Asker: 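Sharing a structure here in structure tokens format.
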Amino acid sequence: MGKIVNFLDRQSRTVLFLSILLLLYWLGANLTDVYRYAIVGAIYEFVWLPFLALLFVLPITNLIMLIKNKFSYKKLWLYALLINGLTVLYIYISVEY
């Protein structure tokens with residue numbers, strides 16, 4: 001039983017870390033000129049598709065795990081979902097029409 005709890009805690013920490021990394025990636029991509037330096041532009045072009053996939057997959061994963069944990073505030077799923085919500089909101093607001 002203890003191994004399962006440790007796995008879920010490690011999994012929630014990983015998802016929280018990925019959510020923070022996703023937010024930082026989109027903030028950095030929108031607030032700075034990524035093509036100013038060639039290496040930064042190359043890294044940006046290389047990882048944009050995985051980060052775009054994470055933008056859609058992480059909120060769904062967080063919501064499913066939050067429901068499985070009966071909306072417990074003690075787990076990190078809720079906080080990761082809030083960070084993902086902030087990321088989606090930031091991208092929605094920053095898009096110029």
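Please read these numbers as outputs of a predicted model, since none were measured by experiment. All residue numbers in this chain count up from 1 along the given sequence.
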Asker: Do F51 and I39 belong together in a cluster built from hydrophobic side chains that touch within less than 4.5 Å?
Answerer: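 As far as the 4.5 Å side-chain criterion goes, I39 and F51 are connected within one cluster.
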
Asker: Listed by chain and number, what are the side chain to side chain donor-acceptor pair (under 3.5 Å) partners of N62, not counting sequence neighbours?
Answerer: none

Asker: At what distance, to the nearest 0.5 angstrom, does CG of N30 lie from OH of Y90?
Answerer: 4.5 Å

Asker: Please report the interatomic distance OG1(T87) to CG(L21), rounded to the nearest 0.5 Å.
Answerer: 10.5 Å

Asker: Have a look at L81 and tell me which of V15, I60, L66, L76 forms a side chain to side chain contact (heavy atoms under 4.5 Å, CB included) with it.
Answerer: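 Of V15, I60, L66, L76, side chain to side chain contact (heavy atoms under 4.5 Å, CB included) with L81 is met by L66 alone.
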
Asker: Do W77 and I64 share a hydrophobic cluster, counting only Ile, Leu, Val, Met, Phe, Trp and Tyr and linking them when any side-chain heavy atoms are less than 4.5 Å apart?
Answerer: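 In one cluster: no.
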
Asker: Hydrophobic cluster mates of L86, side-chain heavy atoms under 4.5 angstrom, ILVMFWY only, any path?
Answerer: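 ILVMFWY cluster around L86 holds nothing else.
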
Asker: Mind checking whether L55 and F46 sit in one hydrophobic cluster, side chains of I, L, V, M, F, W, Y counted as touching below 4.5 Å?
Answerer: yes

Asker: Below 30° counts as parallel, above 60° as perpendicular, anything between as tilted: where do the rings of Y44 and Y35 land?
Answerer: perpendicular

Asker: Decide if atom CZ of F56 counts as having more than 12 heavy atoms of other residues, nucleotides or ligands within a radius under 6.0 Å.
Answerer: no

Asker: Do V47 and Y25 come within less than 4.5 Å of each other through their side chains, counting heavy atoms only?
Answerer: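 Yes - at least one pair of side-chain heavy atoms lies under 4.5 Å apart.
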
Asker: Return the CG to CG distance between L23 and N84, rounded to the nearest 0.5 Å.
Answerer: 9.0 Å

Asker: Hey, what do you get for OH (Y79) to CG (L16), rounding to the nearest 0.5 Å?
Answerer: 10.5 Å

Asker: Going by side chain to side chain contact (heavy atoms under 4.5 Å, CB included), name the residues that satisfy it together with V57, two or more places apart in sequence or in a different chain.
Answerer: T61

Asker: Working to the nearest 0.5 Å, report the span between CD1 of I83 and CD1 of I20.
Answerer: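 CD1 of I20 is found 4.5 Å from CD1 of I83.
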
Asker: When rounded to the nearest 0.5 angstrom, what distance separates CZ in F17 from CZ in R10?
Answerer: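 Answer rounded to 0.5 Å: 15.0 Å.
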
Asker: With the side chain counted from C-beta on, respond yes when I67 and F71 share a heavy-atom pair under 4.5 Å apart, and no when they do not.
Answerer: yes

Asker: Could you tell me which non-hydrogen atom of P59 sits nearest to which non-hydrogen atom of L54, and how far apart they are?
Answerer: CD-O, 3.9 Å

Asker: Between T32 (side chain only) and A29 (backbone N and O only), is there a donor and an acceptor less than 3.5 Å apart?
Answerer: no

